[in-house]
Undergrad: 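My structure is below; once you've seen it, I'll send some questions.
The basis for the numbers below is simple: all heavy atoms, side chains too, and nothing from hydrogens, waters or symmetry mates. Convention: sequence-line order gives letters A, B, ...; per-chain numbering from 1.
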Protein chains: 2
Amino acid sequence: MTDVLPDARAARPPEPATDRALRRAGRRGRASDRYPLPVVARVTLSDVARQAGVSLATASRALNGSSNRTVQPALRERVVAAAAELRYAPDANAQAMARGATTSVGLVVHDIADPYFSTIAAAVTRAADRVGLHVTLASTQNEADREIELVALMQRLRARAVIVAGGRLADPDREERLRAALLDLQAGGASVALVGQPLDGVDSVVIDNAGGARDLALALWGLGYRRAAILGGPTDRLTAQNRRDGFVTAWAGAGGRIDPADVVHGAFTWEGGAEAMTTLLRTRPRPEVVFAANDVMALGALSAARALGVRVPEDVAVAGFDDIATLRDVVPGLTTVRIPLDEAGEAAAELALTPRGDEVRATEIRTEVVLRDSTPPRG
Amino acid sequence: MTDVLPDARAARPPEPATDRALRRAGRRGRASDRYPLPVVARVTLSDVARQAGVSLATASRALNGSSNRTVQPALRERVVAAAAELRYAPDANAQAMARGATTSVGLVVHDIADPYFSTIAAAVTRAADRVGLHVTLASTQNEADREIELVALMQRLRARAVIVAGGRLADPDREERLRAALLDLQAGGASVALVGQPLDGVDSVVIDNAGGARDLALALWGLGYRRAAILGGPTDRLTAQNRRDGFVTAWAGAGGRIDPADVVHGAFTWEGGAEAMTTLLRTRPRPEVVFAANDVMALGALSAARALGVRVPEDVAVAGFDDIATLRDVVPGLTTVRIPLDEAGEAAAELALTPRGDEVRATEIRTEVVLRDSTPPRG
DNA sequence: TTGTAGGCGTTATCAG
DNA sequence: CTGATAACGCCTACAA
């Protein structure tokens with residue numbers, strides 16, 4: 001009665017995965033293991049193969065079958081059943097090693113809570129999803145030096161594509177180090193895309209910050225504003241610099257003048273905007289209009305103004321930059337410069353997920369002034 | 001003259017990594033390889049060891065040295081120098097395999113562009129960062145079934161901890177499958193934490209949605225509102241359900257009444273809120289106050305109201321839920337229920353990154369009503 | 001079609 | 001203190 005055992009191979013001694021797991025658990029933890037994993041039995045492909053009574057190779061082909069899928073339906077079913085029964089989940093790290101490629105897309109941002117970055121992140125996630133990749137998120141927490149570290153992290157992770165959404169720095173030394181890290185990444189076979197300003201040798205989605213700021217300045221001038229001040233964002237961020245300069249230059253071109261003292265710098269955050277606005281309102285003659293280098297700063301500025309009893313827009317008009325989605329429908333609306341961030345994110349993903357030739361590619365993203373109630377026409 | 005070669009081992013035939021890389025590049029790509037990697041030479045620890053004239057083991061100890069760091073300074077320096085020269089970056093996947101543990105924290109959200117989730121994500125990222133881990137982000141794009149898939153993804157990735165921020169579903173079948181997936185994860189040694197509602201057998205950060213909605217209802221009642229309607233969010237999301245029910249129950253308790261017909265459902269998105277508000281304003285007697293199940297919907301509702309020529313708060317008052325940061329300082333402010341999302345995210349990370357005993361843990365997050373201008377006292 | 005065996009890059013055990 | 005060498009889990013020529 002051989003039918004008791006459907007297959008002779010099934011009679012092999014069980015030798016369950018638990019042994020291996022226990023062995024492993026016995027290892028001494030590393031110093032960096034602040035959070036040791038408990039003792040667990042991980043089921044491997046070998047377990048599945050044994051349970052199904054087939055070789056490792058067959059199990060592999062049946063489950064994660066490569067292009068030439070050549071496993072008899074009957075066997076395949078047995079394997080699939082065994083996998084299900086054992087609740088087998090392939091180890092992506094092992095697969096990455098064996099295949100020589102991960103399925104991970106790295107995304108480096110400054111602050112994921114900032115709508116600017118979270119909008120980009122959503123687009124990148126969507127795009128990665130479409131092609132069966134997943135995203136590894138890293139945030140600099142607004143510390144310039146961390147950007148390079150995080151790019152290096154992505155290299156260690158062997159991310160297949162890396163998108164750096166941060167925007168370049170005004171510091172040439174740091175820039176060079178970042179560039180070196182990105183080139184290493186590319187040398188390692190990853191494709192890289194930047195969002196913001198371009199950088200030599202790397203694909204990028206270029207956002208026309210200067211142009212947007214210029215257009216905004218002209219629009220405000222056209223509305224009748226003459227005395228402007230700027231909440232200028234961080235001094236070391238090129239994005240902020242471009243917006244400031246674009247605005248100042250256009251203002252001057254129109255016949256106005258913005259004194260350097262009327263440019264107050266601060267972090268690209270709510271707090272940064274609030275502080276800068278407070279400084280501005282306390283120490284200088286009140287301007288007619290304040291241009292904040294991004295919407296989040298503009299929000300902080302609104303709050304600061306209110307705290308000081310200064311009404312917007314009656315006492316001072318305020319404009320921002322980015323047109324973050326959550327602010328589009330509040331009343332009174334915030335005048336700003338719209339960046340189609342979804343497009344930017346998609347474009348970055350497109351660049352990063354598409355093989356490139358020899359030439360460095362750049363996708364341009366146009367900006368558009370959106371006038372709302374925070375900057376009414378000025379008699 | 002042996003001093004030409006500093007070390008006899010250095011005389012080994014070079015046999016550079018390039019060969020290996022080229023060999024690998026020759027492999028046929030898999031069907032799923034929509035984006036094949038170019039031919040590249042990845043430098044490995046062996047290359048570093050050879051270059052430094054030491055064994056693989058020594059190189060490993062010198063660079064990624066485990067607890068018992070026992071390598072002579074001289075050798076260590078040689079290795080470090082070689083690594084720098086070769087621009088060596090350890091392969092995290094290989095390390096994960098060898099060490100039996102990754103450094104990855106999985107985070108599952110519905111939509112990273114939603115401030116609710118991006119705020120949580122920021123907190124989780126910060127917490128992970130503090131302990132030297134990185135986060136892998138996955139987004140369901142608001143598709144209920146994807147949540148389970150993504151949990152499975154995290155298992156394949158061997159995430160060391162997984163945080164599911166989605167909020168439970170009203171569908172018991174799906175819930176059971178999700179629970180099974182989470183238990184698998186835990187069985188695999190990962191720790192798991194939920195944000196929103198609890199689930200049997202899994203740690204969770206519980207947000208008091210019903211209580212918040214109740215408090216809001218009572219506050220609005222106290223302001224003099226008597227006819228209320230609800231933009232109820234998705235019917236299959238427990239978070240939405242709890243908020244709706246909490247509001248309705250409290251309203252009834254106060255002596256009011258909300259007809260089921262006055263609860264219009266929609267997605268937890270801007271569009272969902274806009275559509276639901278439009279339906280509400282078009283097809284029913286206008287309520288005095290509209291409670292949107294979250295702030296993002298409330299925003300959509302504001303926009304819809306304006307589009308229909310209905311003024312807020314003069315013609316209809318509006319309240320939301322979440323108190324997302326970007327909305328805190330707009331004028332007129334949106335009445336809402338504040339959830340300390342940073343705290344929730346931190347708490348989730350704390351649960352997920354901290355070894356737990358046998359008991360299932362639950363951290364409670366309190367909510368707080370924030371009355372603003374969108375719901376002025378009603379004569 | 002299926003199985004055997006070698007390799008992916010690193011860590012860790014165990015002798016020297 | 002250092003060096004072979006065996007895992008880790010999986011994939012894939014190559015052989016059967």
Undergrad: I want to check one thing: is the phosphate of D:dC11, taken as OP1 and OP2, less than 4.0 Å away from some side-chain N or O of A:N64?
TA: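 Yes, because at least one side-chain N or O of A:N64 sits under 4.0 Å from OP1 or OP2 of D:dC11.
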Undergrad: Please name all residues satisfying salt bridge (Lys or Arg N to Asp or Glu O under 4.0 Å) with B:D200, sequence neighbours left out, ordered by chain then number.
TA: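 Salt bridge (Lys or Arg N to Asp or Glu O under 4.0 Å) check on B:D200 returns nothing, list empty.
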Undergrad: Taking only the side-chain heavy atoms of B:V54 (C-beta and beyond), determine which of C:dT11, C:dT10, D:dG3 contains the nearest atom.
TA: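 It is D:dG3.
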Undergrad: Return the angle between end axes of the helix from C:dT1-D:dA16 to C:dG16-D:dC1, with five pairs used per end and rounding to 10°.
TA: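 If I round to tens, the end axes sit 40° apart.
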Undergrad: Hey, are A:R174 and A:E147 close enough for a salt bridge, meaning a charged N less than 4.0 Å from a carboxylate O?
TA: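 The answer is no: the pair does not qualify as a salt bridge.
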Undergrad: Once you apply a heavy-atom cut-off of 4.0 Å, does B:L56 come out as touching a base, just sugar-phosphate, or nothing?
TA: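 Base contact - B:L56 has a heavy atom under 4.0 Å of at least one base atom.
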Undergrad: Considering heavy-atom distances to DNA chain D, does B:R158 or B:T58 have its closest nucleotide positioned more toward the 5' end?
TA: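 That would be B:T58.
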Undergrad: Among the nucleotides C:dG3, D:dC11, C:dT2, which one has an atom lying closest to any side-chain atom of A:A98?
TA: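 Nearest to the side-chain atoms of A:A98, counting from C-beta on, is D:dC11.
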Undergrad: Under 4.0 Å between a side-chain nitrogen and a carboxylate oxygen: does that hold for A:D129 and B:R146?
TA: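 Result for this pair is yes, salt bridge flagged.
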Undergrad: Which of the following nucleotides, C:dG9, D:dC11, D:dC10, is nearest to the side chain of B:A94?
TA: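 Looking only at heavy atoms from C-beta outward on B:A94, the closest nucleotide is C:dG9.
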Undergrad: In plain terms, say whether B:E149 and B:R177 are close enough for a salt bridge, that is, a side-chain N and a carboxylate O under 4.0 Å apart.
TA: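 Salt bridge: no.
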Undergrad: Could you check whether A:D47 pairs with A:R50 (Lys NZ or Arg NE/NH1/NH2 to Asp/Glu carboxylate O, under 4.0 Å)?
TA: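 Yes, A:D47 and A:R50 are salt-bridged.
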